[in-house]
Protein chains: 2
Amino acid sequence: MNLGNKHEPTTCQLIGDVLARVGDKWTVFVVRLLADGPMRFNALKRAVDGISQRMLTLTLRGLERDGLVTRTVFPTVPPRVDYALTDLGQTLITMLQGLGAWAIEHRPTIVAARDAYDARRE
Amino acid sequence: MNLGNKHEPTTCQLIGDVLARVGDKWTVFVVRLLADGPMRFNALKRAVDGISQRMLTLTLRGLERDGLVTRTVFPTVPPRVDYALTDLGQTLITMLQGLGAWAIEHRPTIVAARDAYDARRE
DNA sequence: CGGTATCCAGGAAGATACTG
DNA sequence: CAGTATCTTCCTGGATACCG
């Protein structure tokens, strides 16, 4: 960890923070789903293929903590909990679209470079 | 958007790939430094505070493999190896600037949300 | 239904030592 | 100088079981 002695974080470190938040295994999927509207816990669990209950909980807690997602409990029986993006969370969508566009545009190049590299080393 | 198709990668998964590449602990720092021009191995090591030789090597190999960075060996004594961004690597810079702008703009909000959350749970 | 609590395996990353 | 090799430690995430 390199938070040095400077009092102001560098842009690099800020980017690092964002990526630490958004760059984990599941966050993008969850945020993307919530972009279309609020969802219940098990709806998310079903929609995000392969996620464990534990990881969904952790992901949602992290997003909630950073003010990107709200958690609303309806005290019914059986209980119901809705998750929804906050305004701040919505702004994330735009950024993710940027990432998505870049990914779509350059993926063929990257795959080709990867294959070439692997062939060279094989 | 449709997420059900399992045969072609969804945008979400593409974004996930990008984040897996760029979202690790050191990549952003290295790319940011190379944005200003080529650098030698030890220059990078000195500039990226706290990185181990091992992790710098791994980071650079990964970037090289994906065609984001070139590795040029000068067969001098002592040896000299320059790393530089490729054109593809340059396009990453723009994206990182987007992330940086988002981070700078919303960081206060996130920190506040985090503090509020922690206070609530404390 | 919507979680927690607990255990465990596997990979990521640090420290250190050695090499062309 | 620019790495590789090895060891170890730490953390992430999966599986499972249980609770309000």
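Just so it is clear: chains get the letters A, B, ... in the order the sequence lines come, proteins before strands, and each one is counted from 1. FYI, side chains are in, hydrogens and waters are out, and symmetry mates aren't considered; it's all heavy atoms of this structure.
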Between the protein and nucleotides 8-13 of chain C, which nitrogen or oxygen pairs come in under 3.5 angstrom?
| from | atom 1 | to | atom 2 | distance (Å) |
| --- | --- | --- | --- | --- |
| dA13(C) | N7 | R54(B) | NH2 | 2.5 |

Can you list everything that forms a side chain to side chain contact (heavy atoms under 4.5 Å, CB included) with [X]? Sequence neighbours excluded, please.
X       : answer
D115(B) : V111(B)
A20(A)  : none
R54(A)  : S52(A), L58(A)

- Selection: residues 31-44 of chain B, any non-hydrogen atom under 4.0 Å of DNA chain D: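 Of all residues in residues 31-44 of chain B, the ones placing a heavy atom under 4.0 Å from DNA chain D are R40(B), F41(B), N42(B).
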- Within residues 72-82 of chain B: residues closer than 4.0 Å to DNA chain D (heavy atoms):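 Contacting residues: P78(B), P79(B), R80(B), V81(B).
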In a table with atom names and distances, give each donor-acceptor pair under 3.5 Å that connects a side chain of residues 86-93 of chain A to protein atoms at least two apart or in another chain.
| from | atom 1 | to | atom 2 | distance (Å) |
| --- | --- | --- | --- | --- |
| T86(A) | OG1 | G67(A) | O | 2.7 |
| T86(A) | OG1 | L68(A) | O | 3.3 |
| T86(A) | OG1 | L88(A) | N | 3.4 |
| T86(A) | OG1 | G89(A) | N | 3.0 |
| T91(A) | OG1 | L88(A) | O | 2.5 |
| T91(A) | OG1 | W102(B) | NE1 | 3.0 |

- Salt-bridge test for D17(A) and R107(B): reply yes if a basic N is under 4.0 Å from a carboxylate O, no otherwise.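 Salt bridge present between D17(A) and R107(B).
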- Message: Quick test of your reading of the model: are R71(B) and D82(B) salt-bridged, counting only N-O distances below 4.0 Å?
- Response: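 Looking at D82(B) together with R71(B), the answer is no, because their closest N to O distance does not fall below 4.0 Å.
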- Query: When rounded to the nearest 0.5 angstrom, what is the spacing between OG1 in T11(A) and CZ in R32(B)?
  - Reply: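 Going from the OG1 atom of T11(A) to the CZ atom of R32(B) covers 7.0 Å.
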- Item | Results of side-chain hydrogen bond (donor to acceptor under 3.5 Å, both in side chains) for D24(A) - residues two or more places apart only |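 With sequence neighbours excluded, D24(A) shows a side-chain hydrogen bond (donor to acceptor under 3.5 Å, both in side chains) to T27(A), given in chain and number order.
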- Message: Side-chain heavy atoms under 4.5 Å apart, restricted to Ile/Leu/Val/Met/Phe/Trp/Tyr: what other residues fall into the cluster of I104(B), or is it alone?
- Response: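 When side chains under 4.5 Å apart are linked, the cluster holding I104(B) also contains L14(A).
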- Message: My understanding is that a hydrophobic cluster links ILVMFWY residues whose side chain heavy atoms are under 4.5 Å apart, including indirect links. Using that, what else belongs to the cluster containing V77(A)?
- Response: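 In the cluster with V77(A) there is nothing else; it is isolated.
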- Are L60(B) and L44(B) side-chain neighbours, meaning at least one heavy-atom pair lies under 4.5 Å?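 Contact flag for L60(B)/L44(B) side chains = yes.
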- Message: Side chains of T72(B) and F74(B), heavy atoms from C-beta outward: is any pair under 4.5 Å?
- Response: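 Yes; the side chains approach each other to less than 4.5 Å.
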- Applying the 4.5 Å side-chain criterion to the ILVMFWY set and letting contacts propagate, would Y117(A) and I110(A) be lumped into a single cluster?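 Cluster IDs for Y117(A) and I110(A) differ.
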- Message: Need two values: the first and the last nucleotide of DNA chain D, 5' to 3', having an atom under 4.0 Å from any heavy-atom of chain B.
- Response: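 Extent of the interface on DNA chain D: dC1(D) to dT6(D).
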- Message: Any side-chain N or O of Y83(A) below 4.0 angstrom from OP1/OP2 of dG3(C)?
- Response: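 For dG3(C), OP1 or OP2 has a side-chain N or O of Y83(A) closer than 4.0 Å.
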- Between the two ends of the helix from dC1(C)-dG20(D) to dG20(C)-dC1(D), what is the bend in degrees, rounded to 10 degrees, where each end axis spans five pairs?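 Taking five pairs per end, the axes differ by 50°.
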- Message: The test is side chain to side chain contact (heavy atoms under 4.5 Å, CB included); show your working for R80(B) and F41(B) and say whether it passes.
- Response: CA-CA 8 Å; R80(B) 164 182 177 162; F41(B) 186 87; over 6 Å; no
